[in-house]
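Since the structure comes first, as structure tokens, the remarks are kept for the end.
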Amino acid sequence: HLPWRAGGILIFGGANGTGLELVKALVATHEHVTVVAAGDDAGRAAAALGATVVKGDLNDPAALKSVFTSAPFRAVVSVLAETHSSPSLDFAANKAVGDAAKDAGVPRFILLSAVGAGDSAGALPWYVHLGDKILGRDDFANVTRAEDYLRSLDLDLSVIRAGGLAGGAG
């Protein structure tokens, strides 16, 4: 049981898609939401909803530290995911965010993962995993690595293995 902690919700991956839908839902319940965006334009939609937007570089530990110390946060949510044009955000970025959360003392971490990671690998049709192999990708292995690493940090972790998210409205 964790002691009560004041503060808002810090969201990585909240500038668009599923993450932006989460921002909408949280702002509608009057939560104080801060979205970490890579550039000036990236967080425009979240800011229009009433979220605070801060710049953050997932490859710069000092920049991440300043994000985590910019306000008190009671939870961090990661909706960071692999895209076909990016390096593995699933593991490297979630590792960096997890390390920063641990260092900042944010006790609660919620990871939007994927059906097909970890012990849910058998939940997907065989052709999904085959498609990963044909394309030379290892998305589910990277998501599993992220889940395992975050578990090792001894945070109050919730892993949500969603399937079939299309990034639109609920």
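Across G43 and A37, no two heavy atoms sit closer than the pair N-CB, 3.7 Å. Summarising the geometry of F109 relative to A101, their closest heavy-atom pair is CD1-CB, 4.2 Å, with the distance given to 0.1 Å. Contact detail for A15 and A42: the closest heavy-atom pair is CB-O, 3.0 Å. Across every non-hydrogen atom of S152 and Y149, the tightest pair is OG-O, 2.6 Å. Closest approach of V36 to G56, counting heavy atoms only: CG1-CA, 3.7 Å. Nearest heavy-atom pair across G14 and A46 is O-CB, 4.0 Å.
Between L58 and L80, the closest side-chain pair of non-hydrogen atoms falls below 4.5 Å. K65 places none of its side-chain heavy atoms less than 4.5 Å from the side chain of D103. Looking only at side-chain heavy atoms (C-beta outward), L26 and I11 come within less than 4.5 Å of each other. Looking only at side-chain heavy atoms (C-beta outward), L111 and E147 come within less than 4.5 Å of each other. Using a 4.5 Å heavy-atom cutoff, the side chains of H32 and T34 are in contact. Looking only at side-chain heavy atoms (C-beta outward), L49 and L20 come within less than 4.5 Å of each other.
For residues 6-31, the ring-ring contact (aromatic ring centres under 6.0 Å, His included) pairs, not counting sequence neighbours, are F12-F68. Screening residues 43-62 for salt bridge (Lys or Arg N to Asp or Glu O under 4.0 Å), with sequence neighbours left out, gives D40-K55, D41-R44.
To the nearest 0.5 angstrom, D90 atom CG is 8.0 Å from S113 atom OG. Here D156 contributes atom CG and I110 contributes atom CD1; the two are 8.5 Å apart, rounded to the nearest 0.5 Å. The line from CZ of R108 to CG of L155 is 10.0 Å long, rounded to the nearest 0.5 Å. The CG atom of L112 sits 9.5 Å away from the CG atom of N94 when rounded to the nearest 0.5 Å.
Each of V23, L10, I9, V77 was compared with V35 under the side-chain contact (heavy atoms from CB on, under 4.5 Å) criterion, and only V23 meets it.
The backbone N or O of G7 sits less than 3.5 Å from a side-chain atom of R74, completing a donor-acceptor pair.
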Verdict with supporting geometry, V143 and R145, side-chain contact (heavy atoms from CB on, under 4.5 Å): CA-CA 5 Å; V143 175; R145 285 178 57 210; over 6 Å; no
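The residues D99 and K102 are annotated as not salt-bridged, no charged nitrogen and carboxylate oxygen being separated by less than 4.0 angstrom.
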